[in-house]
2 protein chains.
Amino acid sequence: MGELSRRSGVPIPTIKFYLREGLLPPGVATAANQADYDEEHLRRLRLIRALIDVGGVTVAGAREVVAALGTHADDPLDLLGAAQTAVEPRHRPDRDTPQWRAARERVTALIADRRWLIHPDSPAIDLVADALAAADSLGVDELLDKFGEYADTADRIAAVEVRAVLDRPDPASRMELVVLGTVLGEALLTSLRLLAHQHESARQLGGG
Amino acid sequence: MGELSRRSGVPIPTIKFYLREGLLPPGVATAANQADYDEEHLRRLRLIRALIDVGGVTVAGAREVVAALGTHADDPLDLLGAAQTAVEPRHRPDRDTPQWRAARERVTALIADRRWLIHPDSPAIDLVADALAAADSLGVDELLDKFGEYADTADRIAAVEVRAVLDRPDPASRMELVVLGTVLGEALLTSLRLLAHQHESARQLGGG
DNA sequence: CTGCTTTAGATAGCTACACTATCCACTCGA
DNA sequence: TCGAGTGGATAGTGTAGCTATCTAAAGCAG
């Protein structure tokens with residue numbers, strides 16, 4: 001365990017915590033107080049830290065993701081659902097208002113317009129509605145006006161990402177890319193968007 | 001205060017909490033235990049809830065944003081910095097490793113390649129490095145391979161967003177759009193990306 | 001004027017989350 | 001043989017974001 005801690009940078013008490021929580025499978029016991037951890041444990045531990053630290057996933061969410069990685073060994077869409085559930089935000093607005101329901105209606109209509117193939121119960125629809133409802137309550141018309149631009153942009157990067165997943169030959173590693181693509185891809189895209197805001201502000205203002 | 005609570009959907013104890021924390025300016029006192037709250041208070045309260053609930057911003061981050069909205073009444077780039085700081089994730093990985101510093105070097109090189117005008121101390125650079133370092137530690141080469149696609153995508157939507165801000169005639173409302181665009185735009189883009197993953201999975205797999 | 005409700009302001013408490021610390025009985029390794 | 005390390009169990013910590021309670025003072029219907 002000491003080696004696992006040193007190679008991963010994760011403190012021993014935290015590793016014990018992850019073992020207790022069922023995020024990390026136990027090592028192979030060689031004695032009452034001795035166990036072996038292999039490269040798979042190291043990799044799993046790094047995956048957990050990537051999900052939690054970079055992706056902002058909760059411990060409970062990470063547990064579900066690794067559980068899904070183990071069970072849905074061949075169904076990419078189920079795993080995608082698990083990964084998407086895991087990246088959902090912790091705080092959510094009040095959805096029990098007429099305004100929110102109206103926003104959700106608009107989202108489903110806009111999706112239908114674009115002929116996107118989406119499961120009607122997908123939680124991601126609610127997340128879009130959250131953003132539009134908030135924009136609406138503050139009179140920010142731009143988000144709705146530019147909905148098409150946002151959707152085109154999202155579709156563009158999603159197409160690249162799905163293609164990358166399908167290009168992976170090995171099924172097990174393909175499953176892992178579904179998860180990591182969802183989580184790390186989001187982190188990369190949002191942080192690059194912040195940089196692009198700086199660049200575009202400077203460019204469009206014609207300054208330095 | 002009762003009316004403010006009813007119209008915003010925020011419980012009275014929470015409003016009191018926001019007042020204590022300095023997120024919401026106090027009402028105009030009409031007596032020792034009486035104060036008036038106007039439409040501006042309602043709007044501010046909705047802004048706070050949008051930041052916290054939809055954008056996942058912390059209470060401390062929201063306080064800084066509203067403070068910046070008050071003080072930098074004319075400098076969009078300062079305000080952009082405040083908004084970007086506010087949307088940063090709460091948990092961050094260990095950045096004190098050679099691997100992370102190498103990832104950060106790669107990010108600055110890639111930015112230079114693209115001739116993006118970025119302040120070299122921008123915290124967003126570190127966020128990109130976080131994602132690339134995590135991808136690297138797990139052997140996910142795709143994120144680095146597709147870096148250009150991510151950057152193009154981010155630039156594309158950022159250009160639209162900056163344009164929308166500059167199109168706003170009134171300076172005060174333009175400042176507000178900087179904040180709301182940063183926060184709500186991120187929520188909209190990431191949730192649409194999740195939907196697009198579903199759509200593209202179905203489309204590229206040729207299924208329903 | 002009476003009595004019920006509401007209010008501002010202050011203080012204290014709560015729940016969830018993600019660890020972190022301590023203890024114990026081992027056991028490995030020099 | 002002995003000190004550092006281990007696995008397992010139990011308990012404690014710190015932060016964040018509220019939530020509850022109390023007090024004195026209005027407000028408002030009858």
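Below, all heavy atoms of this structure are taken into account, side chains as well, without hydrogens, waters or symmetry copies. Convention: sequence-line order gives letters A, B, ...; per-chain numbering from 1.
- Residues B/L194 and A/Q84 approach most closely at O-NE2, 2.9 Å, considering heavy atoms.
- Atom CZ of A/F17 is separated from atom P of D/dG12 by 17 Å (rounded to the nearest Å).
- Side-chain atoms of A/Y37 and A/R44 form no donor-acceptor pair, as typed in the model, at a separation below 3.5 Å.
- The residue B/L19 sits apart from the nucleic acid: no heavy atom pair falls under 4.0 Å.
- Residue B/N33 places a side-chain atom within donor-acceptor reach of the base of D/dA25, judged by atom type and a 3.5 Å distance cut-off alone.
- Taking only side-chain nitrogens and oxygens, A/Y18 comes nearer than 4.0 Å to OP1 or OP2 of C/dC19.
- Within the 4.0 angstrom heavy-atom criterion, only backbone atoms of the sugar-phosphate kind lie near A/R90; the bases stay farther away.
- Ranked by how close their nearest DNA chain D nucleotide is to the 5' end, B/R49 and B/T30 are led by B/R49.
- Dashed line: the shortest gap from a side-chain N or O of A/Y37 to OP1 or OP2 of D/dT6 is not under 4.0 Å.
- Computed from coordinates, the A/I52 CD1 to C/dC19 C1' distance equals 10 Å when rounded to whole Å.
- Listed pair A/T14 / C/dA18 fails the phosphate criterion, with no side-chain N or O lying under 4.0 Å from OP1 or OP2.
- In this structure, CD of A/E21 is placed 13 Å from C1' of C/dA16, rounded to the nearest angstrom.
- Which of D/dT19, C/dG9, D/dT6 sits closest to the side chain of B/K16 comes down to C/dG9.
- Look at CG on A/L45: it is 15 Å from C1' on C/dA18, rounded to the nearest Å.
- Atom P of nucleotide D/dG17 and atom CD1 of B/I15 are separated by 18 Å, given to the nearest angstrom.
- Protein atom CZ of B/R63 is 12 Å distant from nucleotide atom C1' of D/dG17, rounded to whole Å.
- Between A/I48 atom CD1 and C/dA18 atom P there is a gap of 13 Å when expressed in whole angstrom units.
- Between A/R156 and B/R156 there is a side-chain heavy-atom pair separated by less than 4.5 Å.
- In this structure, of D/dT6, D/dT10, D/dT19, it is D/dT10 that holds the atom nearest to the side chain of A/R20.
- Ranked by how close their nearest DNA chain C nucleotide is to the 5' end, A/V57 and B/M1 are led by B/M1.
- Distance, B/D53 CG to D/dG17 C1': 11 Å, rounded to whole Å.
- When each of A/V183, A/L47, A/V59 is checked for a side-chain contact (heavy atoms from CB on, under 4.5 Å) with A/I52, only A/V59 meets the rule.
- The distance from atom CG of B/L188 to atom CD of A/E142, rounded to the nearest 0.5 Å, is 12.5 Å.
- Considering only the side chain of A/Q34, D/dT6 comes nearest among D/dC18, C/dA8, D/dT6.
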